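Given the structure is predicted, the values throughout are model-derived calculations rather than measurements.
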Amino acid sequence: MQKYIPILKKTRLFTGIHDDELASILHCLHTRLRTYPKGSCIFSQGTRIADLAILAEGRLHIQNDDYWGNRSILGQIAPGEMFGEAYLAPDSGPLQNDVAAVEDSAVLFFEIRRLLTACSCACRFHTLVIQNLFFAISGKNQQLVQKLSHMSRRTTREKLISYLSEEARRQDSDHFEIPFNRQQLANFLSVDRSAMSNELSKMRGEGLLEFDRNRFRLLTSSYHL
């Protein structure tokens, strides 16, 4: 578990926590480490959870399959990001989606009951972590709003432009990589893969962008939606 201390220090949940305090809080919260091979499920739809989770290594997708097997990708989880927090309240009900490993992954689990209850030692870090949890959940809600902004666009092209523009702003560059392959991007935007690929080719032909696999470059253009 020690190898993941540098990752945890960069997470929103442990902002402001000193090295010696971080080691203590891992013990205080009964932190557990589990590894998952690519393709395995961390959380399954319909289950109930009692632990807050942070991805320490690898990459995960929050996804949902309908009755006929059509998949929607609701979000991606990168190292240092937490997940499962939306279902930790007593009346939150079972999970509505799956959380699956798209790479070999390692996940740290923290007992939410211990996190929200001040320990007998009255540790300084306990109050700080609770505050950080609030801000982290706020950040996750902002990400959800951004995704809804992409999804509210009417056409495949508008959804692509919305998503790619947001990635350029987030990465502060007109050259950037996205965390999805073509099928995953189509699932994320809830569009047909073939139609999306055709639209990307058209946009490249119109001089709006260049791309190679998951690498994109947005080009200056007079194009308007």
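- Heavy atoms from other residues, nucleotides or ligands lying under 6.0 Å from CZ of R204 number more than 12.
- No side-chain donor-acceptor contact under 3.5 Å links T11 to the backbone of I7.
- Atoms CD1 and OG1, from I25 and T31 in turn, are 8.0 Å apart once rounded to the nearest 0.5 Å.
- Judged purely by atom type and a 3.5 angstrom limit, D98 uses its side chain to pair as donor or acceptor with the backbone of Q45.
- Within 6.0 Å of atom CZ in R215, 12 or fewer heavy atoms from other residues, nucleotides or ligands are found, so the atom counts as exposed in its surroundings.
- Every pair passing salt bridge (charged side-chain N to carboxylate O under 4.0 Å, His left out) that includes a residue from residues 61-77 is listed here, sequence neighbours excluded: D65-R71.
- Considering only residues two or more places apart in sequence or on other chains, F135 meets the ring-ring contact (aromatic ring centres under 6.0 Å, His included) condition with none of them.
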Distance-only donor-acceptor hits, side chain of residues 186-196, under 3.5 Å, sequence neighbours excluded:
unit_1, atom_1, unit_2, atom_2, d
N187, OD1, Q183, NE2, 3.0
N187, ND2, Q183, O, 3.4
D192, OD2, S194, N, 3.1
D192, OD2, A195, N, 2.9

Take T35 and V107, measure what side chain to side chain contact (heavy atoms under 4.5 Å, CB included) needs, and give me the verdict at the end. CA-CA 6 Å; T35 58; V107 178; over 6 Å; no
Report the C-alpha separation of L133 and M82 in whole Å, then their side-chain angles, then the decisive distance to 0.1 Å, and conclude whether the side chain to side chain contact (heavy atoms under 4.5 Å, CB included) test is met. CA-CA 10 Å; L133 178 62; M82 70 179 190; 3.9 Å; yes
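- Counting only distance, with no hydrogens or angles, the side chain of E111 and the backbone of D51 share no donor-acceptor pair below 3.5 Å.
- A distance-only check finds no donor-acceptor pair linking the side chain of S40 to the backbone of K38 [under 3.5 Å].
- Looking only at distances, a side-chain donor or acceptor of S165 sits under 3.5 Å from a matching main-chain atom of I161.
- Taking CZ of F110 as the reference point, atom CG of L13 lies at 6.5 Å (rounded to 0.5 Å).
- Residues passing the side-chain contact (heavy atoms from CB on, under 4.5 Å) test with P6: none are found, sequence neighbours excluded.
- Between the side chain of N214 and the backbone N or O of I178 there is at least one donor-acceptor pair closer than 3.5 Å.
- The distance from the CG atom of L88 to the CZ atom of R113 is 13.0 Å, given to the nearest 0.5 Å.
- Between F180 and H61, the ring-plane angle classifies as tilted under the 30° and 60° cut-offs.
- Each of L52, L29, L8 was compared with L108 under the side chain to side chain contact (heavy atoms under 4.5 Å, CB included) criterion, and only L8 meets it.
- Distance check, rounded to the nearest 0.5 Å: CG of L200 to CG of L160 gives 5.0 Å.
- The backbone N or O of Q96 sits less than 3.5 Å from a side-chain atom of N64, completing a donor-acceptor pair.
- Screening residues 159-170 for salt bridge (charged side-chain N to carboxylate O under 4.0 Å, His left out) gives E166-R169, E167-R170 as the qualifying pairs, with residues at least two apart or on separate chains.
- Aromatic pair F176/F211: ring centres not closer than 6.0 Å.
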Does L185 form a side chain to side chain contact (heavy atoms under 4.5 Å, CB included) with Y163? I'd like the steps, not just the answer. CA-CA 10 Å; L185 179 59; Y163 172 71; 3.7 Å; yes
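- Residues D174 and F216 have side chains not in contact (no heavy-atom distance under 4.5 Å, counting atoms from C-beta outward).
- Applying the side-chain hydrogen bond (donor to acceptor under 3.5 Å, both in side chains) test to residues at least two apart or on different chains, the pairs with a partner in residues 73-86 are R59-Q76, E85-K140.
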